[in-house]
There are 2 protein chains.
Amino acid sequence: MVQNFYAQESARPRAYYQHLQAMPRVKEFDPEEALDRALDMFWRRGYEGASLRDLLEHMEISRQSLYDTFGDKRSLFLKVLARYEALAVEGMLDTLTRTGWSRPIERPLTALVAIRGFFELFLAEVVLDRERGSCLMANTAIEVGPADPEIQAVVRAYFGRVEEALHAALERAHEAGELRPGSEPRALARHLVNTLYGLGIMSRAGAGRAALRQMIDVGLSVLAS
Amino acid sequence: MVQNFYAQESARPRAYYQHLQAMPRVKEFDPEEALDRALDMFWRRGYEGASLRDLLEHMEISRQSLYDTFGDKRSLFLKVLARYEALAVEGMLDTLTRTGWSRPIERPLTALVAIRGFFELFLAEVVLDRERGSCLMANTAIEVGPADPEIQAVVRAYFGRVEEALHAALERAHEAGELRPGSEPRALARHLVNTLYGLGIMSRAGAGRAALRQMIDVGLSVLAS
DNA sequence: GAAATTCTGGACCACCCAGTCAAGATAGTG
DNA sequence: CACTATCTTGACTGGGTGGTCCAGAATTTC
């Protein structure tokens, strides 16, 4: 999967050229970095809103380097979504599973504390960079909506993975007796996903840091026992 | 305000023509209905996504009837947003202030019950018509984002009014002793707004009716005493 | 050196966009 | 009837869109 991720040409293993008398010129730009720059552009302006010119300018590659490497705009966007999912899910699992002892302050990181830290992190990112507005997947869910089933499936899968990550953390909290008695981790996980992505909209709608924190506080108050 | 809402020409009172020897032909389409159809189009496809052709086709008026009556695309969109705000806020206040006695089932409608009914109504609409995806204002908040300050201000004001409506209902519930002791209606109102618009995204992201109802249940569970 | 491949840059395409204009039909008044 | 203003229809403009193609320079091997 990894070797077919970019265009066919650049995915050819070195051995492919062994029967030739000459080696081709190698790629000069880093496809991953270019993809990250495209990600940033799509994040800020949306799929339709990011024009080819915008993308090329921001990715700092030439027109057919893009077409050679990533295919057309839609393929590029799908690759961007895949990369976003990989990065975001990795980051989420990273903060959500960080239990044990925190070194600087020396106190136990329970699953509940990890969840709160997760929301704090989200808050910091969202407030810091309002232009991008929460989450590329949420933006995409609203922008392309039901018009493109394939993209919608990607978005759907992503939200499923987010719910699963939160659900796993809640299950751990549940087993440790941190949750209110009678809690259902599945329902709570869905509630947290809802709260999380509500925050993105509220931020874009102009809510300030204090208001967002209030929302997090109330939203998480259903967990504590 | 009402008489200047549409274009100047059609806002002229009948007396304006009295010095003329002839009366002009009257408008054949209903501007309000046309506006509602434009609203539907923008709701489904977004501002950029709804092309002039789409709008004209759906509004069933000619090209310059549109330009004569509503101005350019952006003006039309602003009028649509104003109409949406009027309709939505009216409807919200309608269901949120419906306290007293419900006739068919003969039981007291407390503020809390009214709030729950409000969310149920939202759920029904969202599930029924997933294409439009929750709320035009939420869609707009994400799509145009910080690119257009004027539109952003409209969106911001709208969310403020929603929060106020919920806050008023929560204040009434608070005075009636329906809320959990120590509750802050302001924080709860913000939480409810967050929950509400989160539902819109979750719906577009593929959440089913059952999952959405779970989110509502958990989200509202912070209110009950 | 030759060969192979990528790079850059610009030219080009057909298409869609929002917006404008003109012409003629239509309807309401006197 | 004449007059007025709106209606509908269609053509048109200027510009942006995604996408393709080509020529020449650059780079890496044999």
Side-chain angles (χ1 to χ4, degrees), chain A residues 6-31 33-34 38 41-42 45-80 144 147-148, chain B residues 6-31 33-34 38 41-42 45-80 144 147-148:
Chain A
Y6 300 110
Q8 317 74 12
E9 321 300 327
S10 43
R12 286 173 179 162
R14 209 171 180 82
Y16 172 89
Y17 300 101
Q18 285 195 347
H19 69 286
L20 303 172
Q21 287 106 339
M23 271 292 278
R25 181 177 175 180
V26 297
K27 267 194 174 7
E28 287 191 350
F29 65 92
D30 179 5
E33 190 190 330
M41 213 59 203
F42 280 126
R45 310 204 180 167
Y47 175 67
E48 301 268 358
S51 73
L52 255 295
R53 205 189 298 174
D54 296 334
L55 290 166
L56 293 175
E57 206 165 311
H58 203 242
M59 295 169 78
E60 288 181 322
I61 64 176
S62 71
R63 211 176 183 80
Q64 66 254 55
S65 290
L66 190 152
Y67 277 90
D68 288 347
T69 316
F70 304 104
D72 62 4
K73 188 184 179 185
R74 191 168 171 283
S75 311
L76 172 63
F77 188 59
L78 284 170
K79 291 181 172 67
V80 159
V144 324
D148 190 323
Chain B
Y6 302 111
Q8 317 73 12
E9 322 301 328
S10 43
R12 286 175 180 162
R14 208 173 182 79
Y16 173 89
Y17 299 102
Q18 284 195 346
H19 69 285
L20 303 172
Q21 287 107 337
M23 272 289 280
R25 181 177 176 180
V26 298
K27 267 195 170 13
E28 287 191 351
F29 64 93
D30 180 5
E33 192 191 328
M41 213 61 203
F42 280 126
R45 311 204 179 166
Y47 176 67
E48 300 269 359
S51 74
L52 254 297
R53 205 192 296 174
D54 296 334
L55 289 166
L56 294 174
E57 207 166 310
H58 203 243
M59 295 168 79
E60 289 182 323
I61 65 176
S62 71
R63 210 175 185 81
Q64 66 254 54
S65 291
L66 190 152
Y67 277 92
D68 288 346
T69 315
F70 305 102
D72 62 3
K73 188 183 180 186
R74 191 168 172 282
S75 311
L76 172 64
F77 188 59
L78 283 170
K79 292 180 172 66
V80 159
V144 324
D148 189 322

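Reminder, nothing fancy here: chain letters follow the sequence lines and each chain counts from 1. Remember, predicted model here, so these are calculated numbers, not experimental data. Side chains included, hydrogens not; waters and symmetry mates left out as well; all remaining heavy atoms used.
Remark: A:Glu48 pairs with no residue by the side-chain hydrogen bond (donor to acceptor under 3.5 Å, both in side chains) rule, at least two apart or across chains. For A:Arg74, the side-chain hydrogen bond (donor to acceptor under 3.5 Å, both in side chains) partners at least two apart in sequence or on another chain are A:Asp148, A:Glu150. When the side-chain hydrogen bond (donor to acceptor under 3.5 Å, both in side chains) test is applied to B:Gln64, no partner is found at least two apart in sequence or on another chain. Take A:Asp72 and apply the side-chain hydrogen bond (donor to acceptor under 3.5 Å, both in side chains) test, not counting sequence neighbours, and it matches A:Ser75.
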Each nucleotide N or O in nucleotides 20-23 of chain D that has a protein N or O under 3.5 Å away: list the pair and distance.
| residue | atom | partner | partner atom | Å |
| --- | --- | --- | --- | --- |
| D:dT20 | O4 | A:Arg63 | NE | 3.3 |
| D:dC22 | N4 | A:Gln64 | NE2 | 2.3 |

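In summary, the side chains of B:Asp54 and B:Ser51 do present a donor paired with an acceptor at a separation below 3.5 Å, with no hydrogens or angles considered.
Between the NZ atom of B:Lys73 and the P atom of C:dT20 there is a distance of 14 Å, rounded to whole Å. Rounded to a whole Å, the CG atom of A:Leu66 is 11 Å from the C1' atom of D:dG19. Atom CG of B:Asp68 and atom C1' of D:dT9 are 14 Å apart (whole Å).
In this structure, A:Ala50 and A:Met41 approach most closely via the heavy-atom pair CB-O, 4.2 Å.
Contacts between residues 51-60 of chain A and DNA chain C, defined by a heavy-atom separation under 4.0 Å, are absent.
In terms of position along DNA chain D, the nucleotide closest to B:Ser62 lies nearer the 5' end than the nucleotide closest to the other residue of the pair A:Arg74 and B:Ser62.
Atom CG of A:Leu78 sits about 13.0 Å away from atom CZ of A:Phe70, to the nearest 0.5 Å.
Partner of B:Arg63 under the side-chain contact (heavy atoms from CB on, under 4.5 Å) criterion, out of B:Leu56, B:Leu55, B:Asp68: B:Leu56 alone.
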